[in-house]
4 protein chains.
Amino acid sequence: MIDLKGIFPPLPTSFNRDESISHEGIKKNILTLCSYPLSGFLILGSNGELVMLSEREKEEVYNTAREAIPADRLMIAGCGAESTRETIRLVKQASRAGADACLVLNPFYYKGQMDLRALRAHFHSVADASPVPVLIYNMPANTGIDMSADHILEIARHPNIKGLKDSGGNLVKMAAVINSMDEDFQVLAGSAGFLLPALSIGACGGILALANIAPSNCCEIYEHFTGNRPGEARKKQLELIDANTAVTRRWGVAALKAAMDHLGLYGGTVRKPLQELDDSTRASLIEILDKAGIESLKP
Amino acid sequence: MIDLKGIFPPLPTSFNRDESISHEGIKKNILTLCSYPLSGFLILGSNGELVMLSEREKEEVYNTAREAIPADRLMIAGCGAESTRETIRLVKQASRAGADACLVLNPFYYKGQMDLRALRAHFHSVADASPVPVLIYNMPANTGIDMSADHILEIARHPNIKGLKDSGGNLVKMAAVINSMDEDFQVLAGSAGFLLPALSIGACGGILALANIAPSNCCEIYEHFTGNRPGEARKKQLELIDANTAVTRRWGVAALKAAMDHLGLYGGTVRKPLQELDDSTRASLIEILDKAGIESLKP
Amino acid sequence: MIDLKGIFPPLPTSFNRDESISHEGIKKNILTLCSYPLSGFLILGSNGELVMLSEREKEEVYNTAREAIPADRLMIAGCGAESTRETIRLVKQASRAGADACLVLNPFYYKGQMDLRALRAHFHSVADASPVPVLIYNMPANTGIDMSADHILEIARHPNIKGLKDSGGNLVKMAAVINSMDEDFQVLAGSAGFLLPALSIGACGGILALANIAPSNCCEIYEHFTGNRPGEARKKQLELIDANTAVTRRWGVAALKAAMDHLGLYGGTVRKPLQELDDSTRASLIEILDKAGIESLKP
Amino acid sequence: MIDLKGIFPPLPTSFNRDESISHEGIKKNILTLCSYPLSGFLILGSNGELVMLSEREKEEVYNTAREAIPADRLMIAGCGAESTRETIRLVKQASRAGADACLVLNPFYYKGQMDLRALRAHFHSVADASPVPVLIYNMPANTGIDMSADHILEIARHPNIKGLKDSGGNLVKMAAVINSMDEDFQVLAGSAGFLLPALSIGACGGILALANIAPSNCCEIYEHFTGNRPGEARKKQLELIDANTAVTRRWGVAALKAAMDHLGLYGGTVRKPLQELDDSTRASLIEILDKAGIESLKP
């Protein structure tokens with residue numbers, strides 16, 4: 001049984017100035033973040049710019065990350081692809097690299113055809129083929145598809161599908177899924193913006209972009225909640241709202257990387273067409289981080 | 001200072017078979033619900049079929065409701081209309097009838113023109129004219145407009161605007177509003193589906209369709225939360241999810257009224273084009289209510 | 001048989017400075033516009049600020065308009081309301097006033113419940129009760145509901161439902177409706193932005209905000225098309241695109257009224273929360289009108 | 001100067017039963033379709049299951065197609081990818097293979113970041129790098145992004161960007177683009193559902209899924225229109241509406257391939273998670289094709 005409790009950063013993929021992958025950057029970031037009580041890492045999620053990488057680069061990043069992630073922390077591998085055959089290739093590759101679980105995004109290009117029949121067939125074929133547990137990834141802001149609770153519950157019946165990362169922020173849906181599944185199906189908040197609300201209705205933790213730059217703050221929300229200190233948990237949750245929005249919905253991965261550079265991690269560039277922050281946005285970002293009490297990370 | 005803590009049912013407007021208003025039904029329901037620890041009532045919200053009533057009927061319902069609602073329970077009056085002038089007419093009428101606060105929906109027909117300038121002018125004119133505090137009502141599922149946190153914060157600067165009912169269920173937005181406002185600006189969950197998540201980040205209570213048929217269950221979530229019993233609160237929240245969906249998003253006001261009839265309140269018909277539940281839907285509804293542990297109400 | 005061929009302006013409702021109705025303005029505008037080869041008028045459509053008027057004002061406007069509209073031009077009355085009973089009251093009132101047809105918007109506040117069963121019941125009850133032919137009005141930008149071709153075709157089976165005004169601009173849907181219906185079911189473009197495309201697939205004309213300020217230009221598109229001069233029709237259509245967008249989607253009714261004032265009609269104010277154009281927008285608007293070759297109207 | 005007048009089928013990529021590419025199928029289909037007066041082919045568009053292919057397969061398909069497409073027909077190569085670098089790799093590869101133009105889809109995964117700055121940078125970098133003309137591809141149903149006329153016009157300023165394929169069906173937008181651009185910027189309808197409306201406002205032709213199975217019917221619409229026979233054009237357009245919807249929005253690529261099999265072309269399987277039509281859907285499809293007068297193709 002895989003245990004997904006706690007906080008996971010979805011690690012950005014580090015690039016050099018010429019947009020080639022910086023394996024050193026990836027390793028440095030993992031090393032630094034491991035000094036915090038994080039449960040593990042998501043490699044090649046949306047923040048990892050999965051869709052920007054070549055086939056070969058994906059495999060290299062899985063390998064680099066696993067080498068750097070110690071055995072007592074989980075590695076969850078992002079394995080989304082449009083075709084079932086490519087997704088299966090990725091889950092096998094990630095498993096060989098040592099991933100503990102695979103996070104599988106629903107295909108979404110042919111939106112009109114992604115009905116329950118297609119989605120169930122996809123997830124079940126992938127789960128059949130995967131040597132490690134599969135987690136469902138619902139990410140409506142990027143995919144344009146918001147899987148319903150009913151669809152998720154149908155898909156989740158497969159014995160090798162063990163959890164859900166929901167980035168949509170629909171707490172009613174998350175509660176409906178949690179209410180209908182056994183305890184060993186684990187639901188993770190997909191954004192720090194609604195971590196505490198998700199914990200309040202039974203989520204086991206979160207995969208949070210913000211945990212890359214504010215790992216202790218994010219872990220504190222979790223610990224206050226599990227320690228039954230709702231007032232402290234609420235205070236921490238509220239003070240992180242604006243910082244979280246800044247590095248996710250508002251300014252995206254470029255802001256997350258700029259924040260990492262500012263806080264002592266390896267941030268680096270984004271792959272185009274993603275654009276670097278301009279100077280005034282960067283200044284606003286730093287102000288927001290300061291106001292949220294987010295401090296430099298120590299290796 | 002108005003105190004909006006706790007649970008408020010948005011009372012349906014009772015109709016006779018011929019769709020005329022049943023003032024007896026309204027009074028009976030208020031009387032019965034007052035035996036539960038509810039903080040008050042919303043009269044003529046979305047569940048009150050506000051948009052179905054004539055100008056004269058609205059005034060009559062405000063009056064009937066206030067006569068029936070005892071002085072120690074709040075009456076919040078729904079006063080949404082497309083024009084500022086009509087909205088002002090309604091808040092004055094409701095205030096004269098004895099409303100303690102007015103809930104004002106954003107105009108939404110001319111969606112493309114409802115920018116911040118228009119919305120702020122509307123809410124501020126209404127708040128200037130209203131003898132009682134004004135609450136902002138964000139209801140994207142019905143209006144097709146989801147006001148942003150930034151817009152809500154700009155509108156909320158008026159001294160006579162004292163709170164927000166948010167039915168959109170976006171907890172990040174609710175947290176952003178709560179984080180930026182003083183403590184005397186009060187945020188209410190607009191649906192029982194996310195009551196506990198909303199409380200977890202600082203909402204003061206909820207205006208909940210479900211509180212019409214499950215007042216004690218809804219109040220228990222609130223009491224477990226404020227009593228620092230997160231496990232019990234979560235258990236109650238999860239078990240109400242399906243019942244709440246049934247009487248709101250899934251089958252709407254007709255289901256809420258059918259449930260009221262089943263549980264000993266006055267339900268009655270809906271105004272067309274809303275349609276009565278067919279028999280098989282009604283049977284499914286009753287099964288869902290039973291499974292959620294929702295029991296008959298006692299006057 | 002009602003004949004809906006040609007061009008109809010959806011007349012704005014004229015207001016005085018204090019937002020009271022200017023019946024003189026309405027009459028003046030109708031008189032002026034009747035010097036152009038328009039087939040008639042829509043009274044109290046979206047551009048007529050229907051949703052801003054009181055019950056009494058609607059009746060007054062129907063009456064004023066019919067007095068001013070000569071017998072050889074059609075009067076189509078906008079009769080949208082959320083409840084079936086209020087819609088029926090309006091179609092009867094409009095018929096008594098002398099309307100030749102009623103344009104009925106689908107109810108839309110309870111979006112989740114407006115399935116085919118509810119919509120069909122609504123339209124058929126209204127069509128049963130209406131002494132004059134009923135036209136379906138699909139207006140997704142304002143209602144948030146875009147009725148499908150299948151739903152429209154089901155609703156259109158009623159013998160007293162004689163046409164469709166479609167403002168959504170989905171030409172595939174309009175073609176699907178035209179292809180499935182008899183010739184006596186008439187489809188009208190709901191915006192000058194797609195008048196020629198709609199004519200090309202069999203629409204009989206249009207109800208066009210732009211026809212209030214550019215009646216001759218709009219009629220020329222129609223005449224070039226029916227006269228088999230596709231090149232001239234295209235040229236006219238293209239040159240009106242920006243002007244049409246300006247007085248509809250971009251700046252709305254306030255721009256339409258400002259343009260009317262500029263061109264010698266009675267424009268006047270809008271009802272709040274609609275906002276007057278600021279000076280720089282007004283200047284941009286006039287520039288766009290000039291560029292499109294839209295000239296002052298002569299009574 | 002590239003001349004894009006006329007009708008282009010977006011060729012499906014043929015697969016064998018095991019989902020490997022059938023180069024024979026591709027060649028056979030091109031050979032057959034070349035007996036119709038088509039202007040050329042789009043290779044690896046949405047109907048070509050571009051997003052389903054590996055890096056290597058894309059190159060192979062470009063090569064196979066160009067070998068089969070005679071020099072007097074254009075080959076447009078679909079080159080969409082999320083990163084600018086990968087898109088450039090594809091346009092170079094396609095150009096080497098002999099493509100006459102490249103169709104570039106806007107990146108869309110990071111929707112919130114795809115503002116004008118990002119999109120312009122992307123398209124202009126690609127156009128700088130491409131040896132052949134670049135066409136903009138707007139495909140909102142699949143990408144969830146509907147580029148505005150303003151954005152398209154900004155992007156289109158690059159001298160190597162020569163046209164637009166718009167699959168959104170918003171004729172007002174297409175007209176706004178045509179109205180603002182020189183004559184040498186060419187706009188293509190992206191679906192047979194609105195071919196005639198698009199021609200009416202100045203589109204030069206269309207890239208139409210339906211042209212794979214009904215090349216003569218599609219070409220007839222074009223020829224009736226250019227031959228100034230609006231009645232015949234309308235008749236043809238209307239009779240193809242349902243068939244077009246069947247092989248696009250309703251049942252997708254699987255239906256297109258099933259229709260190809262039925263009509264004497266190589267259809268074959270789709271790549272999963274796309275699902276084969278079940279038997280009853282296939283029967284409905286064939287009925288729709290028959291009703292539309294679509295007949296078997298002759299090599």
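Since the model is a prediction, treat every value here as computed from it, not as a measurement. The chains referred to below are lettered A, B, ... by the order of the sequence lines, with proteins before strands, and numbering in each begins at 1.
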* Asked: Quick one: CG on D:Leu171 to CG on C:Leu195, what's the gap to the nearest 0.5 Å?
  -> 11.5 Å

* Structure fact -> Pair count under 4.5 Å, heavy atoms only, with chain D: among C:Leu238, C:Ile178, C:Val172, highest is C:Leu238

* To do: State whether the number of non-hydrogen atoms from other residues, nucleotides or ligands found under 6.0 Å of C:Asp184 atom CG is greater than 12.
  => yes

* Asked: If every non-hydrogen atom of C:Gln237 is compared with every non-hydrogen atom of D:Ile201, which pair is closest and at what distance?
  -> CG-CG2, 3.7 Å

* Structure fact -> Heaviest contributor of heavy-atom pairs below 4.5 Å to chain C, chosen from D:Pro230, D:Ala233, D:Ser191, D:Gly168, is D:Pro230

* Asked: What residue, out of C:Gly169, C:Ala198, C:Gly193, has the most heavy-atom pairs lying under 4.5 Å from chain D?
  -> C:Gly193

* To do: Select one option (side chain, backbone, both, neither) describing which atoms of D:Thr245 are under 4.5 Å from chain C's heavy atoms.
  => side chain

* **Inter-residue atom distance C:Ser200.OG - D:Leu199.CG, 0.5 Å rounding** => 8.5 Å

* State, to 0.1 Å, how close D:Pro197 and C:Pro197 come at their nearest heavy-atom pair, and which atoms those are. => CB-CB, 3.6 Å

* To do: Count the heavy atoms of every other residue, nucleotide or ligand shown that sit under 6.0 Å from CZ of D:Arg229, and state whether that count exceeds 12.
  => yes

* To do: Kindly check if the number of other-residue, nucleotide or ligand heavy atoms within 6.0 Å of NZ (C:Lys235) is above 12?
  => no

* If you draw a 6.0 Å radius around CD in C:Glu276, do more than 12 non-hydrogen atoms from other residues or ligands fall strictly inside? -> yes

* Where on C:Ile241 is there a heavy atom nearer than 4.5 Å to chain D: the side chain, the backbone, both, or neither? -> side chain

* CG (C:Asp278) with more than 12 external heavy atoms under 6.0 Å -> yes

* Asked: In this structure, are over 12 heavy atoms from other groups packed under 6.0 Å from C:Glu295 atom CD?
  -> no

* Is the number of heavy atoms from other residues, nucleotides or ligands under 6.0 Å of D:Arg117 CZ greater than 12? -> yes

